[in-house]
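Taking it in order: structure first as structure tokens, then the write-up.
The model shown is predicted, which means the values in this text are computed figures rather than measured ones. One-based numbering along the sequence shown.
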Amino acid sequence: MKSMKEAMMEVQGARLGYRLAFRPVEADPPAQDVRLIPVFPEVRPDIGEKTEIVWDLPQLCESIRRPGGYDVVNCACGLGDHSNLMCPTFVAHPDDDTVVWEIDIPGHRPALDARWQETEGFLRLVFRREDYEADIRAMLDAVVNAGTPELPIDDYDPNLGGCVFESLQELAAKNEWSRQPILRSGTVVEFRVAYRDFMLFNGKPSHTYAPRLFTRWAASAAFDRWMDHFLRARDLEESHRAECDQAGEAFAAVLRRCFAEDQTAPGVTVDYRPSQAPAAVL
């Protein structure tokens with residue numbers, strides 16, 4: 001088996017671009033759906049012709065305001081795994097003037113240039129916040145003004161929930177992009193080994209997809225290592241429990257560091273409950 005090389009590439013002063021694409025909609029009168037073909041450093045040049053991968057504009061807009069894990073590139077159907085996109089992009093807000101993306105290479109291979117096809121690790125894109133906001137707002141403006149009286153826009157792809165185009169029009173009209181923390185101050189996030197509900201918010205099971213809380217690739221890598229031990233620890237073998245707890249504590253420590261970055265999660269606590277600790281009463 002061919003071994004894969006590890007990589008971490010950083011691009012300073014990154015910018016985001018797009019190409020508009022349209023899909024006819026059978027309607028009377030005629031209409032069309034609009035989508036955005038991604039342009040960014042290290043993107044595959046034929047992404048619009050050879051894949052169904054598009055920018056997910058609602059998630060891009062949310063990433064201006066709040067850090068976290070986002071499917072900023074997504075399948076046009078709204079389900080990333082249909083285009084073999086297996087991991088969110090991790091978006092950090094290290095200060096008022098900067099946005100950072102960390103892109104897991106294996107989880108984004110279909111969207112990346114061919115030179116990354118035999119590589120592990122991640123790509124880091126560093127944006128000036130002013131540029132980042134301007135580039136995404138340019139996409140938003142292009143989408144909401146894409147239609148014509150003869151061929152109006154029916155909706156935006158990706159579209160799982162319906163009425164995405166209307167929500168984008170509302171976002172453009174609202175024009176509010178202030179920074180927000182990833183979680184409310186006072187939230188206690190707890191991880192534990194459990195057959196279900198392994199993540200708790202303030203002592204109650206949370207159905208949040210855990211990678212949505214990750215602002216750095218290191219948190220995802222530590223989480224995956226814990227998950228590997230987690231599956232073995234559920235067999236309740238003593239040696240597996242100890243290894244699992246070590247990996248869980250390490251993951252919690254990484255997530256704490258992520259949350260401590262600038263105003264990412266002020267007042268939020270991250271705990272790990274060892275597998276032999278008594279369960280809390282919910």
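For the residue pair Trp101/Tyr70, the side-chain donor-acceptor check at 3.5 Å is not satisfied. In summary, the side chains of Asp135 and Tyr18 do not present any donor paired with an acceptor at a separation below 3.5 Å, with no hydrogens or angles considered. Donor-acceptor pairing under 3.5 Å is recorded for the side chains of Ser178 and Gln180. No side-chain N or O of Tyr132 forms a donor-acceptor pair with one of Thr98 less than 3.5 Å apart.
Between Pro45 and Asp113 the shortest heavy-atom distance is CD-OD1, 3.8 Å. In plain terms, the two heavy atoms of Ala146 and Gln32 that are nearest each other are O-NE2, 4.4 Å. Residues Pro88 and Pro211 come closest through the heavy atom pair CG-CB, 4.0 Å. Smallest separation of non-hydrogen atoms from Pro58 and Val164: CG-CG1, 3.9 Å. Of all non-hydrogen atoms in Ile37 and Gly48, the two that sit nearest each other are CG2-CA, 3.6 Å. Pairing each heavy atom of Val100 with each of Pro94, the nearest pair is CG2-CG, 3.9 Å.
No single ILVMFWY cluster, assembled from side-chain heavy atoms under 4.5 Å apart, contains both Leu79 and Met86. At a threshold of 4.5 Å between side-chain heavy atoms, the hydrophobic network of Ile, Leu, Val, Met, Phe, Trp and Tyr places Phe90 and Phe223 in one connected group. Residues Leu60 and Ile182 do not share a hydrophobic cluster, clusters being chains of Ile/Leu/Val/Met/Phe/Trp/Tyr side chains in contact below 4.5 Å. The same ILVMFWY cluster, assembled from side-chain heavy atoms under 4.5 Å apart, contains both Ile136 and Ile47. A continuous path of Ile, Leu, Val, Met, Phe, Trp and Tyr side chains, each step under 4.5 Å between heavy atoms, connects Ile105 with Ile53, placing both in one hydrophobic cluster.
Ion pair Asp262/Arg179 flagged as a salt bridge, since at least one NZ, NE, NH1 or NH2 atom sits closer than 4.0 Å to an Asp/Glu carboxylate oxygen. Electrostatic pairing of Arg19 and Glu49 counts as a salt bridge here, judged by a charged N lying under 4.0 Å from a carboxylate O. Residues Arg212 and Asp71 are paired through a salt bridge, judged by an N-O separation under 4.0 Å between the basic side chain and the carboxylate. With respect to Arg35 and Glu52, a salt bridge is recorded, a charged nitrogen being found less than 4.0 Å from a carboxylate O. With respect to Arg128 and Asp97, no salt bridge is recorded, no charged nitrogen being found less than 4.0 Å from a carboxylate O.
Met199 is not listed as a side-chain neighbour of Glu190, based on a closest heavy-atom distance of 4.5 Å or more. Side-chain contact between Arg124 and Arg216: present, with at least one pair of heavy atoms (C-beta onward) separated by less than 4.5 Å. In this structure, Arg65 and Glu176 have side chains that are in contact, with non-hydrogen atoms separated by less than 4.5 Å. Side-chain contact between Pro158 and Cys77 is absent, with no heavy atoms from C-beta onward closer than 4.5 Å. With a 4.5 Å cut-off on side-chain heavy atoms, Leu16 and Val39 do not count as touching. Between Val34 and Leu20, some side-chain heavy-atom pair lies under the 4.5 Å cut-off. In this structure, the side chains of Leu85 and Cys87 stay at 4.5 Å or more apart for every pair of heavy atoms. Residues Leu123 and Leu112 meet the side-chain proximity criterion, which asks for heavy atoms closer than 4.5 Å.
To the nearest 0.5 Å, atoms CZ (Arg66) and SG (Cys61) are separated by 13.0 Å. Distance check: Phe201 CZ to Thr187 OG1 gives 7.0 Å after rounding to the nearest 0.5 Å. To the nearest 0.5 angstrom, Ile103 atom CD1 is 10.5 Å from Met9 atom CE. In this structure, the separation between NZ on Lys174 and OG on Ser167 is 12.0 Å, given to the nearest 0.5 Å. Distance check: Leu183 CG to Asn202 CG gives 9.5 Å after rounding to the nearest 0.5 Å. Remark: Asp56 CG to Tyr156 OH distance equals 6.0 Å, nearest 0.5 Å.
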Go through the steps to decide whether Val54 and Leu36 satisfy the test side chain to side chain contact (heavy atoms under 4.5 Å, CB included), and finish with yes or no.
-> CA-CA 6 Å; Val54 296; Leu36 295 168; 5.7 Å; no
I would like to know whether Thr51 and Ser83 meet side chain to side chain contact (heavy atoms under 4.5 Å, CB included); could you show each step before the answer?
-> CA-CA 7 Å; Thr51 80; Ser83 287; 5.6 Å; no
Start with the C-alpha distance between Glu133 and Arg15, add both sets of side-chain angles, then the distance that settles salt bridge (charged side-chain N to carboxylate O under 4.0 Å, His left out), and finish with yes or no.
-> CA-CA 10 Å; Glu133 181 177 329; Arg15 299 297 298 260; over 6 Å; no
Step by step, would you call Trp116 with Arg44 a side chain to side chain contact (heavy atoms under 4.5 Å, CB included)?
-> CA-CA 10 Å; Trp116 299 105; Arg44 61 183 292 176; over 6 Å; no
Please assess Leu171 against Val144 for the test side chain to side chain contact (heavy atoms under 4.5 Å, CB included), listing each intermediate value before the final yes or no.
-> CA-CA 10 Å; Leu171 269 175; Val144 299; over 6 Å; no
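None of Arg129, Gln263, Glu261 except one satisfies the side-chain hydrogen bond (donor to acceptor under 3.5 Å, both in side chains) rule with His93; the exception is Arg129.
Asp131 contributes no side-chain N or O that, together with a main-chain N or O of Phe127, makes up a donor-acceptor pair within less than 3.5 Å. For the pair Arg192 (side chain) and Leu200 (backbone), a donor-acceptor distance under 3.5 Å is absent. Counting only distance, with no hydrogens or angles, the side chain of Ser206 and the backbone of Thr208 share a donor-acceptor pair below 3.5 Å. Formation of a donor-acceptor pair under 3.5 Å by the Asn74 side chain with backbone atoms of Gly80 is found in this model.
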Just list the side-chain donor-acceptor pairs under 3.5 Å for residues 21-28, sequence neighbours left out, or say none.
{"residue": "Arg23", "atom": "NE", "partner": "Asp157", "partner atom": "OD2", "Å": "3.2"}
{"residue": "Arg23", "atom": "NH2", "partner": "Asp33", "partner atom": "OD2", "Å": "2.4"}

For residues 250-259, dump all side-chain donor-acceptor pairs below 3.5 Å to protein atoms at least two apart in sequence or in another chain.
{"residue": "Arg256", "atom": "NE", "partner": "Val270", "partner atom": "O", "Å": "2.8"}
{"residue": "Arg256", "atom": "NH2", "partner": "Val270", "partner atom": "O", "Å": "3.2"}

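Around the CZ atom of Arg184, the shell of radius 6.0 Å holds no more than 12 heavy atoms that belong to other residues, nucleotides or ligands. Summarising the local packing, CD of Glu130 is surrounded by 12 or fewer heavy atoms from other residues, nucleotides or ligands at distances under 6.0 Å.
Aromatic rings from Trp55 and Phe40 are positioned such that their centres are separated by under 6.0 Å.
Between Trp226 and Phe198, the angle of the ring planes goes over 60°, which puts this pair in the perpendicular group of the 30/60° scheme.
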